Amino acid sequence: MTDLHRLSIRELAEGLSQAKFSSRELTEHYLKRIAKIDPLVKSYVTITPEQALAEADAADAALKAGNVTALTGIPLAHKDIFCTKGIKTTAGSKILDNFISPYDATVVEKTKAAGLVTLGKVNMDEFAMGSTSESSYVGATSNPWALDHVPGGSSGGSAAAVAADLAPFATGTDTGGSIRQPASFCGLTGLKPTYGRVSRFGIIAYASSLDQAGPMARSAEDCAYLMNVIAGHDAKDSTSVKKEVDDYVANLNNTSVKGLRIGIPKQYFNVAGLDADVKTRVEESLKKLEEMGATLVEIDLNMTEAYVPTYYLIAPAEASSNLSRYDGVRYGYRCENPADLMDLYKRSRSEGFGPEVQRRILIGTYALSAGYYDAYYVKAQKVRRLIQQDFLKAFENVDVIAAPSAPTTAYKIGANLSPTEMYLGDIYTLAVNLAGLPAINAPVGFDKDSLPIGLQLIGNYWSESQLLSIVHQYQQNTDFHTQRAAIAEENA
Ligand code: GLN
């Protein structure tokens, strides 16, 4: 079979359970595609063929014995921020270049327990700080839709791998947009769950009060399958929430678009830098939802201007604390011939961290320092609360809130945006993390250069089923999510 990579997760599950193909055949099919096509896309940091084939054989045995889950034998890729026992986990940083975790992240443990087959680890911005995946120490990943463009970030490897059909779906993490923005840039569906829905245990920490893992795939249905595996309380993560997990697949048709109230924030559609094609495609998608029975309601989100400054204080502050553990002593990169302990710390960190990570450590340390703590960090926390209240007030009147996922389509590789230009590109995604809310990206068309554009729907707490269901129904009525980049059409 040459077109296994064109099947949806549901079709893959059916094919495996009806023995139309084996997990080994499917896994070999993907490994062949990776070997042929990934040298152009560069989405994988580490490919694990031996382990993948062993897992595939175990899955085939389980399939024969009838001892299966819904996803037994289906391959996936993990962002290189999830700790994987025995396989290198770099978080895109030279400082972790030689790091092999002694344990699996809970998300990885869960995908293994579900019988999923790990193809490898995919590229990302260093420590998930960035919006292009260019800050990875192994170099840039290409956007499958235009190889001289970035796939977005920080989960750019996950997005590129799925968009080039080098994995049927992938895990990502989202601290300020890192699932939704690369999904938008690569024409995929990506869900950032409510803070606390998915365990953070074993995910290399960036900003712990904002980090959350989620699925990236072609469709809402495919995302729902992965959410069914990774969601849930975990005693090893004190911020994970003890709350029953929905059956996201069974709920895909449970939310009626008819009568749905979609909030359109006035402030969001007047943002300077919002690309005209992005605006038009997003508005067309909202019109489509209106045709399907939704009501569009103009709302106010008055704190919009505060999103970027608030996030870019809180996230670096938490990062500066989280990254203090990389000191060249216990694990990771260590400088050559240190003169003394201070030299060891200084040089290991200066040589091991890239420039964007160093910038954030400096900003964060400054914001947390005794003289500035109240003026910056405490103030940012207060504004964070106001941003959350702004959303809660809006949800009294609407069911979900619509926005673009990003103001532009994918940038060119090497565009060399200034830090502030890059930070402003996160305007639509940051507030969701500051408030801890769930949000989803859905592909809704292309710009004049044929680059994908995404619609973001933001839901109230624990509304993952609702978001997936709305996008699922939208995808039953449109075909943007089934369109493939030319490189994905290539056969291995
Ligand atoms: N671009 C944002 C940042 O650099 C968000 C990244 C993320 O979600 N990990 O912080």
Side-chain angles (χ1 to χ4, degrees), residues 79-82 91-93 122-136 141 150-159 170-186 190-193 195 198 200 203-216 273 307-323 353-364 367 380 384 404-408 410-411 415 417-441 454 456 458:
K79 184 176 183 179
D80 207 19
I81 199 166
F82 292 90
S93 183
V122 282
N123 204 15
M124 54 181 285
D125 277 301
E126 185 176 6
F127 284 103
M129 298 174 193
S131 308
T132 67
S133 299
E134 290 169 291
S135 71
S136 166
T141 293
V150 303
S154 66
S155 311
S158 310
T171 53
T173 61
D174 191 313
T175 302
S178 279
I179 288 175
R180 292 160 284 156
Q181 184 258 25
S184 174
F185 279 15
C186 290
L191 175 72
K192 183 257 169 213
Y195 184 77
V198 177
R200 290 185 299 108
I203 299 175
I204 306 233
Y206 163 14
S208 305
S209 77
L210 304 163
D211 296 342
Q212 187 60 193
M216 301 174 72
Y307 296 170
V308 175
T310 306
Y311 173 90
Y312 278 99
L313 266 164
I314 290 174
E318 293 186 18
S320 72
S321 156
N322 273 327
L323 270 56
F353 289 132
E356 182 60 28
V357 172
Q358 294 193 26
R359 179 178 297 118
R360 308 247 182 145
I361 292 173
L362 289 174
I363 294 171
R384 178 179 188 173
S405 287
T408 66
Y411 319 110
L417 302 185
S418 73
T420 41
E421 279 171 329
M422 199 175 79
Y423 302 165
L424 284 170
D426 296 335
I427 173 92
Y428 293 119
T429 47
L430 303 175
V432 163
N433 302 72
L434 289 168
L437 294 165
I440 194 165
N441 175 74
Q456 181 182 201
I458 305 167

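Please read these numbers as outputs of a predicted model, since none were measured by experiment. Keep in mind that the numbers below use all heavy atoms, side chains included, and drop hydrogens, waters and symmetry copies. Each ligand, and each atom within it, is numbered from 1 in the order the structure gives.
- Looking at S154 and D125, their side chains never bring a donor and an acceptor atom within 3.5 Å of each other.
- Here T141 pairs with N123 under the side chain to side chain donor-acceptor pair (under 3.5 Å) rule; sequence neighbours left out.
- Qualifying side chain to side chain contact (heavy atoms under 4.5 Å, CB included) partners for A380, counting only residues two or more places apart in sequence or in other chains: T310, L313, I314.
- Of the options V198, D174, L437, a side chain to side chain contact (heavy atoms under 4.5 Å, CB included) to P193 is made by V198 and by none of the others.
- For the residue pair K79 / S158, no side-chain donor-acceptor distance below 3.5 Å is found, with atom types taken as modelled.
- Near ligand 1, heavy-atom contacts under 4.0 Å come from A128, M129, G130, S131, S154, D174, T175, G176, G177, S178, Y206, Y311, Y312, R360, D426.
- The salt bridge (Lys or Arg N to Asp or Glu O under 4.0 Å) analysis of residues 203-213, with sequence neighbours excluded, yields no pairs.
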